Amino acid sequence: MTLLQDGILAFFSAVGMTTVVWMLAGALLHAGRPTVPGLLLVLPLKGEALAMENDVRELRRVQGRLPGAEIVLADCGMTEDARELAVYLAEREKNAELVDAKEFQVK
């Protein structure tokens, strides 16, 4: 019976040590997230753009996991009210801008 108990204790000790080493290695190896310069998250907007605020919020969430990414709100024929909201959101967000779709070019 003690042989079984010792075996179980050794198994859980090995699993615990492996978990600790795995977590430390992961923390050290993934300490700095790589930036992707020039990555654009483009949101084409047309008409009333009813879901614009939710879409920008989702892009901001994605942008948080992709350092260096920029949000581009592309005006593809928005109404005046929607464009005013887009201007406000572009000014409020970090690394975001509003562009006219006709003038949008990737550098």
Side-chain angles (χ1 to χ4, degrees):
M1 189 65 158
T2 59
L3 182 63
L4 180 63
Q5 289 174 345
D6 290 343
I8 291 173
L9 184 61
F11 171 75
F12 284 123
S13 295
V15 168
M17 287 302 297
T18 304
T19 302
V20 169
V21 170
W22 187 266
M23 289 173 60
L24 286 174
L28 291 174
L29 294 175
H30 291 62
R33 291 187 283 175
T35 60
V36 184
L39 179 63
L40 299 177
L41 304 172
V42 181
L43 178 62
L45 299 165
K46 186 176 184 180
E48 292 291 324
L50 298 175
M52 181 185 345
E53 288 184 82
N54 292 331
D55 293 340
V56 170
R57 190 176 307 120
E58 182 65 21
L59 285 176
R60 185 179 31 180
R61 187 183 65 77
V62 170
Q63 183 185 30
R65 290 185 280 152
L66 297 169
E70 295 181 30
I71 297 174
V72 176
L73 305 176
D75 183 355
C76 299
M78 288 188 289
T79 63
E80 191 61 37
D81 290 338
R83 183 164 176 83
E84 288 176 12
L85 179 59
V87 167
Y88 168 73
L89 292 173
E91 290 174 353
R92 185 182 75 177
E93 298 299 326
K94 182 180 178 184
N95 292 327
E97 65 178 304
L98 175 65
V99 298
D100 189 14
K102 297 172 188 168
E103 299 171 5
F104 180 67
Q105 293 181 356
V106 179
K107 299 172 187 171

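If you read the sequence from its start, that first residue is 1, and numbering goes on from there. Note that this is a predicted model, so its numbers are computed, not measured.
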Once you round to the nearest 0.5 Å, how far does [atom1] of [X] lie from [atom2] of [Y]?
{"X": "L43", "Y": "D75", "atom1": "CG", "atom2": "CG", "answer": "11.0 Å"}
{"X": "L73", "Y": "D100", "atom1": "CG", "atom2": "CG", "answer": "12.5 Å"}
{"X": "L40", "Y": "L59", "atom1": "CG", "atom2": "CG", "answer": "11.5 Å"}
{"X": "N95", "Y": "I71", "atom1": "CG", "atom2": "CD1", "answer": "8.0 Å"}

Provide the closest heavy-atom pair for [X] versus [Y] in the form atom of the first, atom of the second, distance.
{"X": "E70", "Y": "E97", "answer": "OE1-OE2, 4.1 Å"}
{"X": "A82", "Y": "A49", "answer": "CB-CB, 4.4 Å"}
{"X": "A74", "Y": "V42", "answer": "CB-CG1, 4.3 Å"}
{"X": "A90", "Y": "L98", "answer": "CB-N, 3.8 Å"}

>> Using side-chain heavy atoms (C-beta onward) and a distance below 4.5 Å, is L85 in contact with D81?
In response: no
> Under a single-linkage definition using a 4.5 Å side-chain heavy-atom cutoff for Ile, Leu, Val, Met, Phe, Trp and Tyr, are L4 and F12 assigned to the same hydrophobic cluster?
Replying inline: yes
>> For residues 43-56, which residue pairs pass the side-chain hydrogen bond (donor to acceptor under 3.5 Å, both in side chains) check, not counting sequence neighbours?
In response: N54-R57
> Residues in salt bridge (charged side-chain N to carboxylate O under 4.0 Å, His left out) with R61, at least two apart?
Replying inline: E58
> So M52 and V56, side chain to side chain contact (heavy atoms under 4.5 Å, CB included) or not? Walk me through it.
Replying inline: CA-CA 6 Å; M52 181 185 345; V56 170; 4.2 Å; yes
